[in-house]
2 protein chains.
Amino acid sequence: MTAETTGGDLSRLRHLNALTAIRVLRADEAGFTLTELARRTGLSRASTEDVVRDLTERGWVAEAEKTAGGVGRPARRYRFRADAGHLLGVDIGRHRVLALLTDLDGKVLHSHRVEAAPGLGRIERLAATDDAVRGVLRAGALSGDRLWASGVATTGLVDGTGKVMLSEALHEWTGVDLAAHLGRLVTGPVLVENDSKLAALAESWQGVARHSRDVVFILSGVATGAGLIIDGKLHRGFGNAAGEIGALPAVGWTRAPEHLRDWPGEGDIFAAARDGDRRAVAAIKRYVKDLAVGVSALVLTLDPELVVVGGGFAGSADLLIGPLRAELDRWCIRTPEIRVSTLADRGVALGAVKLAADHVGTVLASGSGLTSIDQFARA
Amino acid sequence: MTAETTGGDLSRLRHLNALTAIRVLRADEAGFTLTELARRTGLSRASTEDVVRDLTERGWVAEAEKTAGGVGRPARRYRFRADAGHLLGVDIGRHRVLALLTDLDGKVLHSHRVEAAPGLGRIERLAATDDAVRGVLRAGALSGDRLWASGVATTGLVDGTGKVMLSEALHEWTGVDLAAHLGRLVTGPVLVENDSKLAALAESWQGVARHSRDVVFILSGVATGAGLIIDGKLHRGFGNAAGEIGALPAVGWTRAPEHLRDWPGEGDIFAAARDGDRRAVAAIKRYVKDLAVGVSALVLTLDPELVVVGGGFAGSADLLIGPLRAELDRWCIRTPEIRVSTLADRGVALGAVKLAADHVGTVLASGSGLTSIDQFARA
DNA sequence: TTCATTATGATGGAGACCATCATTAAAGGC
DNA sequence: GCCTTTAATGATGGTCTCCATCATAATGAA
């Protein structure tokens, strides 16, 4: 008896059917005919028409181009109006701030990148963040009050209200209230979350983990982190500290990147390794060995379908995956499939967008969410 | 846009409302008046009456005793007919087999215990299992074809079909097809799962983890294991091997119980420790130290609200919890609350019952589940 | 031009919910 | 013992949502 969905009156049924219709419509930008939609929602054609009329009146659905060429009377097509609203995703990284402006389906419309030195203080880094946000809004010719929701990614632990509780990687960063800060540039909800968690979310949304319900994501870069997707959802943990296996001293995640940073040779260690430099190969091996202990702990705990490797080092994944798999084989009962992220340095920011998108989704699913599209489009 | 619940036609709405009503009714054995029920389901009184009439006709609900003493016309009371069906839960342990016969709400009606030596072979252990099942059915004056569903707990990894894939703790146990074996004694679905996982399930059902969504359960006994409750549900993992952190050599879970077994003194080590025996205290300390490494890995991975300690050693938890908390404080970012199981040696078997109960719940939630109670009561 | 094909839109009907109100049944005061 | 108060019951009428069905409309092909 797991049913969370409590029934209700007839309007509730209509609401559920409208949500189903929207979910189907969002699957294809080109839209659907009523007949197709009826088949996919399981409703009758007549009811489907009713639902679509409703949603059109309320601004959620629009008529799309008819497709020519078929036999018989050409059908009208309807599509979800993903362009009706905008979402913002911001990744506040060590070296730069990246802001993405997307439509409601998370299609990136504009991006803006602002460099930031690793040693930057709180004020300067927040200023860089503002620049990135303003830049991307300018590119999209939007003002901040036209955003439906915004997501922000940062290193460190984040509390429920959007404050950074603890950050070791960035200077003077602990205690920053990012939700409040961003709230001065944009209206609408601002959601803040840890960067590794958001990168994981992005992978399960648009990345290589799209079709997997249980995923361990490893952020492999100058800092090491993890994010967990469990049963298709981001797992945060009771104190928002899930995936922090790196805190265990036996897991050498703090030490691991040093093998690559402090290697005895010159230039890019990965290039050197590809050229056959033995010391480079050995250093990478040490890195993977350290990394793999933590990954094994995560994998043994969760038994995921998939491990995804992302972060700055993922670009050199050809050198990492093989050794990593070998190490996992040593420790794990069942080594999961290992894949490399293809989202490049956008993964974290995309996860932030997804955070915003999920917030909108929650509002829609809740009671009065679909009443009118105007409730989101403020003044 | 997470909505899994797809709408449908009016009968679907009625079905959802009927499920809600049953969920409310199950919360109190004494039953509810229509007015109370209407308030809790959110339906109008009239519709509630309709739903209840339906459910009564189909056998799911019965009228209960009126409560005397109030002012005004005494209301009829209605209750869920938990007694309409029976569930079986079997725990095949190292030293004994325990079978529980319960009603649909998991209230234990009868239990039957059959001793089994640790060294028993496959045939003999299966025979003991049969004895336990037959015994508890006899006690309840039921034949095996009156069971709605059965759950079985065993050590080792279990595959999706009810076969034991790998068991190190029991002799000749790997490869046993428990679902098929039990299927000869009972009709209805037989569900098989790992014992640690089921003990965790039991805690989140009727135990100290009732109100927590994310729980790490530790089975502390002659063998060590873990079960995870994530977002209120049992987390199995892709290959059903979640929680097997003990497989990591750095985590001394195989070695841990030996500290207690091989301690240099005589008699019960816990009694000795309470009497102030230093060697006993030291051995327990070593045990907890080993245990805590694995628990820390689980806690850091999941950041649960709660850690529950169960299993054979839980009876001496007064000696374990303090040191365990101290060890976790050393490693974890945020040490969760730690509680001791109160389900004693029934926990695992109760989890097996819950497995069966959930299966019934799934059938009810699915489409035609509530049509008539007769679909479950065979022959 | 006519036919085959497919989408559209209107009609009538059934099921599920709700609000409202007259009726019924008990407890307690007179 | 009768009357009042309280609260549940059961019936009525209305609305909403969905469905099946059918006449109509629009297009390509013969």
Side-chain angles (χ1 to χ4, degrees), chain A residues 5-22 24 30-58 61 63-79 367-368 370-371, chain B residues 5-22 24 30-58 61 63-79 367-368 370-371:
Chain A
T5 317
T6 68
D9 68 6
L10 292 166
S11 67
R12 170 82 178 139
L13 184 58
R14 165 55 67 92
H15 184 234
L16 288 175
N17 284 332
L19 280 177
T20 312
I22 285 190
V24 172
F32 293 86
T33 70
L34 286 179
T35 313
E36 287 167 354
L37 193 55
R39 193 173 48 77
R40 299 209 187 202
T41 55
L43 295 178
S44 72
R45 219 206 76 98
S47 302
T48 307
E49 191 173 359
D50 228 39
V51 169
V52 167
R53 192 197 337 274
D54 246 40
L55 288 172
T56 306
E57 278 167 12
R58 294 181 180 177
V61 165
E63 206 169 329
E65 288 299 300
K66 293 185 187 180
T67 37
V71 184
R73 176 175 179 170
R76 294 184 175 179
R77 301 186 77 82
Y78 297 91
R79 63 175 182 83
S368 59
L370 280 172
T371 41
Chain B
T5 317
T6 68
D9 67 6
L10 292 167
S11 67
R12 169 80 177 141
L13 184 59
R14 165 53 66 92
H15 184 234
L16 288 175
N17 284 332
L19 280 177
T20 312
I22 285 190
V24 172
F32 293 85
T33 70
L34 284 180
T35 313
E36 287 167 354
L37 193 57
R39 194 174 48 77
R40 300 209 187 203
T41 55
L43 293 179
S44 71
R45 221 207 75 99
S47 302
T48 308
E49 190 173 359
D50 227 39
V51 169
V52 167
R53 190 197 340 274
D54 245 41
L55 289 172
T56 306
E57 279 168 13
R58 294 180 180 177
V61 165
E63 206 169 329
E65 286 300 300
K66 294 186 187 180
T67 37
V71 185
R73 178 174 178 171
R76 294 183 176 178
R77 302 186 77 80
Y78 297 90
R79 62 175 182 84
S368 58
L370 280 172
T371 41

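Bear in mind that the values here come from a model prediction, so they are computed numbers and not experimental data. So you know, we letter chains A, B, ... as the sequences are listed, proteins then strands, and number each from 1.
- Qualifying salt bridge (charged side-chain N to carboxylate O under 4.0 Å, His left out) partners for A:Glu57, counting only residues two or more places apart in sequence or in other chains: none.
- With rounding to whole Å, A:Glu49 atom CD is found 13 Å from D:dT24 atom C1'.
- For C:dT24, its base sits under 3.5 Å from the side chain of B:Arg73 at one donor and acceptor pair at least.
- Using a cut-off of 4.0 Å between Lys/Arg side-chain N and Asp/Glu carboxylate O, A:Arg53 and A:Asp50 are scored as salt-bridged.
- Rounded to the nearest 0.5 angstrom, B:Arg39 CZ and B:Leu34 CG are separated by 13.0 Å.
- Taking atom CG on A:Leu34 and atom C1' on C:dG9, their separation rounds to 11 Å, with Å as the unit.
- Heavy-atom minimum distance, B:Leu43 versus B:Ser47: CB-CB, 4.4 Å.
- Base-pairing analysis of DNA chain D finds the following stems of at least three consecutive Watson-Crick or G-U pairs, with both pairing distances under 3.5 Å: C:1-30 with D:1-30.
- Rounding to the nearest 0.5 Å places CD1 of B:Ile22 at 11.5 Å from CG of B:Asn17.
- A distance of 8.5 Å separates OG1 of B:Thr33 from CZ of B:Arg45, quoted to the nearest 0.5 Å.
- In this structure, CD of B:Glu63 is placed 12 Å from C1' of D:dA8, rounded to the nearest angstrom.
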Tabulated below should be each protein N or O lying under 3.5 Å from an N or O of nucleotides 14-19 of chain C; please produce it.
residue: C:dC17; atom: OP1; partner: B:Asn17; partner atom: ND2; Å: 2.5
residue: C:dC17; atom: OP2; partner: B:Arg14; partner atom: NE; Å: 3.0
residue: C:dC17; atom: OP2; partner: B:Arg14; partner atom: NH2; Å: 2.5
residue: C:dC18; atom: OP2; partner: B:Ser44; partner atom: N; Å: 2.9
residue: C:dC18; atom: OP2; partner: B:Ser44; partner atom: OG; Å: 2.7
residue: C:dC18; atom: OP2; partner: B:Ser47; partner atom: OG; Å: 2.6

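- If you take CD of A:Glu36 and P of C:dT8, they are 10 Å apart, rounded to a whole angstrom.
- Annotation: the span from B:Glu36 atom CD to B:Thr48 atom OG1 amounts to 11.5 Å, rounded to 0.5 Å.
- In this structure, A:Leu37 atom CG and C:dA7 atom C1' are separated by 14 Å, rounded to whole Å.
- Atoms CZ (B:Arg53) and C1' (D:dA11) sit 11 Å apart, rounded to a whole Å.
- Summarising the geometry, atom CG belonging to B:Leu37 is positioned 10.5 Å from atom CZ belonging to B:Arg77; distances are rounded to the nearest 0.5 Å.
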Decide side-chain contact (heavy atoms from CB on, under 4.5 Å) for B:Arg14 and B:Asp54; before the verdict, give the C-alpha distance in whole Å, the side-chain angles of both, and the deciding distance to 0.1 Å.
CA-CA 10 Å; B:Arg14 165 53 66 92; B:Asp54 245 41; 3.4 Å; yes
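- If you measure from atom CZ of B:Arg76 to atom C1' of C:dA25, you get 11 Å, rounded to the nearest angstrom.
- Straight-line distance from the CZ atom of B:Arg77 to the P atom of D:dA7: 15 Å, rounded to whole Å.
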